[in-house]
Amino acid sequence: MANTKNRKPYVICHMMGSLDGRIKQNIWNLKGHPNYFEETAEKIKTDGWLVGRVTMQEFSSKRNHVKKGSKVRIPKEDFVAPYKAKTFCIAIDPSGKCQWDTNMVTTEHVIEVLTEKVSSAYLEHLRSKNVSYIFGGKKELDLALVLEKLNKLFNIKKLRIDGGGHVNGSFLKAGLIDEFSLVLAPVADGTIGSPTVFEAEEGYGKRKATWFRLKSVKRVYTNFLWLRYVKK
Ligand SMILES: NC(=O)c1ccc[n+]([C@@H]2O[C@H](COP(=O)([O-])OP(=O)(O)OC[C@H]3O[C@@H](n4cnc5c(N)ncnc54)[C@H](OP(=O)(O)O)[C@@H]3O)[C@@H](O)[C@H]2O)c1
């Protein structure tokens, strides 16, 4: 049942980072260990999780479903597909690069967050798979508007943002993160250019860094720390 009032969901960003803040685990050799990220994430109960296009492409289809030369014209309006799921997974995908075999990732209903740059052929693909989509702007995303729509159309009151660094950085820069949850892995990565927990802006402009207040610290998996912060 959708809300009548527009409200921003409470936003918790959850990540696993190396000691030097990096998030790509290519050289961490974590194989054979528990799912540090997933196990801790599951303990933060939310109505859904949201990731950037790069991260979502790890979960979406590897096939091409978009029909070339399609003459269909579909208006750039939000689309709420039929769904039974109680929770959602949301892709920040401004140009419509993620394609779908189904409208579910495990138990979550898929919602694509788009700009009006996307083609009708792409919208036709999403509709054919009953994937929901919302528009967050003409060419650029207004993330506050995106959160309002997620609340209004899907009744999402609490949302986990699960990376990657660019999506986290965008929400941080927009001042939309209420809590930050970091699983700190006892590993130094050192890869120059690899994404870090928050990728907000190149160089130093007028932006000020964001401070948090420590909420809890827990030692997990012997040598890891699970740090939880709230916005100051
Ligand atoms: N360690 C962890 O806990 C963890 C968690 C999640 C992911 N990861 C890793 O992080 C890596 C990916 O991170 P990433 O930072 O490269 O990518 P990402 O944040 O997953 O995705 C970035 C993309 O999302 C879109 N996007 C994000 N913010 C936007 C905004 N404000 N406006 C418009 N578009 C926006 C853009 O898509 P377009 O390029 O299509 O415009 C952008 O290139 C992967 O290796 C993944 O495995 C690690």
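Atoms within each ligand, like the ligands themselves, are counted from 1 in listed order. For the single chain, residues carry numbers from 1 onward in sequence order.
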Fill in the blank from the handout: In terms of heavy-atom contacts, Asn155 and Asp47 come closest through O-OD2, 4.2 Å
Fill in the blank from the handout: Note: Val183 and His14 closest approach over all heavy atoms is CG2-CE1, 3.8 Å
Completion exercise
Contacts of Asp142 meeting salt bridge (Lys or Arg N to Asp or Glu O under 4.0 Å) (sequence neighbours excluded), chain-then-number -> none
Exercise for the section: For Asn168, enumerate each residue passing the side-chain hydrogen bond (donor to acceptor under 3.5 Å, both in side chains) test, keeping only those at least two apart in sequence or located in another chain. Expected result: none
Completion exercise
Near Lys97 (heavy-atom distance under 4.0 Å), the atoms of ligand 1 are 38 (P), 39 (O), 40 (O)
Practice task
Give the residue, atom name and distance (to 0.1 Å) of the protein heavy atom nearest atom 14 (P) of ligand 1.
Solution key: His166 ND1, 3.5 Å
Completion exercise
In terms of its nearest heavy atom to atom 8 (N) of ligand 1, the top option of Ile23, Leu114, Val183 is Ile23
Completion exercise
When distances are taken from atom 1 (N) of ligand 1, the protein heavy atom at minimum range is Met16 O, 2.8 Å
Fill in the blank from the handout: Checking heavy-atom distances from atom 12 (C) of ligand 1 to each of Val146, Thr115, Thr55, the winner is Thr55
Problem - Any N or O of Asp93 closer than 3.5 Å to N or O of ligand 1 - result: no
Problem - Proximal ligand 1 atoms for Phe37, defined as those under 4.0 Å from one of its heavy atoms - result: 3 (O)
Problem - Residue and atom name of the nearest protein heavy atom (relative to atom 28 (N) of ligand 1), distance in Å to one decimal - result: Ser170 OG, 3.1 Å
Problem - Polar contact flag for Leu143 and ligand 1 (N/O pairs, less than 3.5 Å) - result: no
Problem - Plane angle bin for Phe224 and Tyr36 - parallel if under 30°, tilted between 30 and 60°, otherwise perpendicular - result: parallel
Exercise for the section: Examine the proximity of ligand 1 to His14 and report which part, side chain or backbone, both or neither, has a heavy atom under 4.0 Å away. Expected result: neither
Practice task
Hey, can you tell me if Phe88 and Tyr83 have their rings parallel, tilted or perpendicular (30° and 60° cut-offs)?
Solution key: perpendicular
Problem - Close aromatic pair by centroid cut-off 6.0 Å: Trp49 and Phe59 - result: yes
Exercise for the section: Assign the ring pair His125 / Tyr122 to parallel, tilted or perpendicular, where the plane angle (0 to 90°) is split at 30° and 60°. Expected result: tilted
Fill in the blank from the handout: Looking only at protein heavy atoms, what sits closest to atom 35 (C) of ligand 1 is Ile92 CG2, 3.6 Å
Problem - Protein non-hydrogen atom below 4.0 angstrom of atom 42 (C) of ligand 1 present - result: no
Practice task
State whether the side chain of Asp20 and the backbone N or O of Asp189 hold a donor-acceptor pair below 3.5 Å, judged by distance alone.
Solution key: yes
Practice task
Could you find the nearest protein heavy atom to atom 4 (C) of ligand 1 and give me its residue, atom name and distance?
Solution key: Met15 CE, 3.5 Å
Practice task
Return a yes/no value for Gln25: is any of its N or O atoms, backbone included, closer than 3.5 angstrom to an N or O of ligand 1?
Solution key: yes
Handout entry: ligand 1 N/O within reach of Asp162 N/O, cut-off under 3.5 Å
Key = no
Exercise for the section: Identify, for atom 17 (O) of ligand 1, the protein heavy atom at the shortest distance, and state residue, atom and that distance. Expected result: Val54 CB, 3.4 Å
Completion exercise
min-distance protein heavy atom vs atom 27 (C) of ligand 1 -> Val167 CG2, 3.7 Å
Handout entry: Check: Gly164 N/O within less than 3.5 Å of ligand 1 N/O
Key = yes
Exercise for the section: Heavy atoms only: give me the nearest Trp28-Val187 pair and the separation to one decimal. Expected result: CD2-CG1, 3.9 Å
Handout entry: atom 24 (O) of ligand 1: nearest protein contact (heavy atom, Å)
Key = Arg53 N, 3.2 Å
